[in-house]
Amino acid sequence: MTQNHERFMRMALEEAEKAGSEGNIAVGSVITLGDTLVARGRNLVSSTLDVTAHCETDALRNGGKALGHVDFSGHALYTTAEPCPMCCGALMASGIHTIVMGARPEPSQRRYGDYTIEKLIQLAGFEEKLQVVTGILPQECADVRRKWEEQNENNC
């Protein structure tokens, strides 16, 4: 299973690279069903001027179009960074079964205080409905975002 996790996380990393090259925060996601890629998503907030266009919501939108429905029961979402509270809520509503994460923010860089995806899932009573897998290519996932941040810091 780890081999599949790494394969799909590398696809999410490709989406993160695309997002960064388009002027958006460099994060990416993919949705799978078993060994099949269903949809890709990347952060599009800056290029679309849509604050809800995070990589996870983009993947859900693309997945809904590809599948012709919005029930993602049994599906997995791979994401290069910990989903924010908005995205976590969307993932719970979608029926996604597994979230596979790459990097987490350092405690000093967290935007939402003491938030973690696991805490929100527990608060919502979704522990039995939603599995979280962490630590898949965390350094590569952190590096793609860090590289993007450094490039954008130098352009200001």
Side-chain angles (χ1 to χ4, degrees), residues 1-2 4-20 22 24-107 109-138 140-142 144-145 148:
M1 186 60 108
T2 301
N4 273 347
H5 285 334
E6 289 182 7
R7 184 176 117 221
F8 288 124
M9 189 61 76
R10 290 193 191 288
M11 291 179 188
L13 281 162
E14 290 172 7
E15 291 303 308
E17 291 280 352
K18 287 179 191 174
E22 295 168 349
N24 300 290
I25 295 172
V27 290
S29 295
V30 299
I31 296 175
T32 64
L33 181 60
D35 291 336
T36 303
L37 178 67
V38 172
R40 294 173 175 259
R42 62 185 177 272
N43 185 290
L44 297 170
V45 171
S46 294
S47 60
T48 62
L49 302 176
D50 178 355
V51 298
T52 69
H54 293 195
C55 64
E56 298 89 353
T57 56
D58 187 45
L60 289 170
R61 289 174 185 136
N62 293 334
K65 290 174 188 171
L67 296 170
H69 59 78
V70 294
D71 179 6
F72 292 92
S73 299
H75 291 71
L77 177 122
Y78 291 77
T79 187
T80 60
E82 182 172 40
C84 74
M86 174 190 73
C87 291
C88 184
L91 293 167
M92 287 188 288
S94 76
I96 286 279
H97 179 267
T98 305
I99 298 172
V100 182
M101 285 191 321
R104 286 187 192 263
E106 296 294 325
Q109 296 177 332
R110 290 187 179 162
R111 293 181 65 186
Y112 306 105
D114 196 29
Y115 164 82
T116 66
I117 190 171
E118 292 90 350
K119 287 180 181 179
L120 187 53
I121 289 168
Q122 182 181 21
L123 181 65
F126 269 67
E127 305 95 332
E128 301 298 320
K129 299 175 187 175
L130 185 55
Q131 176 186 9
V132 177
V133 177
T134 61
I136 305 300
L137 303 178
E140 291 92 330
C141 292
V144 71
R145 183 162 177 165
W148 176 84

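All values derive from a computational prediction rather than experimental measurement.
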**Prompt:** Taking atom CG of L60 and atom CG of L91, what is their separation to the nearest 0.5 Å?
**Reply:** 5.5 Å

**Complete:** Shortest non-hydrogen pair, L13 vs E140, comes out as CD2-O, 3.7 Å

**Asked** What are the two closest non-hydrogen atoms of A59 and A39, and how far apart are they?
**Response** O-CB, 3.6 Å

**Asked** Does the pair R42/E22 count as a salt bridge with the N-to-O cut at 4.0 Å?
**Response** yes

**Asked** Would you say the side-chain atoms of K129 pair up with the backbone N or O of H97, donor to acceptor, closer than 3.5 Å?
**Response** no

**Prompt:** Taking all non-hydrogen atoms of both residues, which atom of P83 and which atom of M101 are closest, and how far apart?
**Reply:** CD-SD, 3.6 Å

**Request:** Using the side-chain hydrogen bond (donor to acceptor under 3.5 Å, both in side chains) rule, take R61 and T52 through it: C-alpha gap first, then chi angles, then the decisive distance, then the call.
**Result:** CA-CA 11 Å; R61 289 174 185 136; T52 69; 3.0 Å; yes

**Asked** Where does the angle between the aromatic ring planes of F72 and H69 fall among parallel (under 30°), tilted (30 to 60°) and perpendicular (over 60°)?
**Response** tilted

**Asked** What heavy-atom pair brings T36 and F8 nearest, and what distance separates the two atoms?
**Response** N-CZ, 4.3 Å

**Complete:** dist I96:CD1 -> T98:OG1 (nearest 0.5 Å) comes out at 8.5 Å

**Message:** Determine whether D58 and R40 satisfy the following criterion, side-chain contact (heavy atoms from CB on, under 4.5 Å), listing intermediate values before the conclusion.
**Reply:** CA-CA 8 Å; D58 187 45; R40 294 173 175 259; over 6 Å; no

**Message:** Evaluate E56 against I99 for side-chain contact (heavy atoms from CB on, under 4.5 Å), listing each step before the verdict.
**Reply:** CA-CA 10 Å; E56 298 89 353; I99 298 172; over 6 Å; no

**Request:** Might you work through the side-chain contact (heavy atoms from CB on, under 4.5 Å) test for H5 and Y78, ending with a clear yes or no?
**Result:** CA-CA 8 Å; H5 285 334; Y78 291 77; 2.8 Å; yes

**Request:** Please name the pair of heavy atoms, one in T80 and one in A26, separated by the smallest distance, quoted to 0.1 Å.
**Result:** OG1-O, 4.5 Å

**Complete:** Residues Q122 and E127: closest non-hydrogen pair is CG-OE2, 3.0 Å

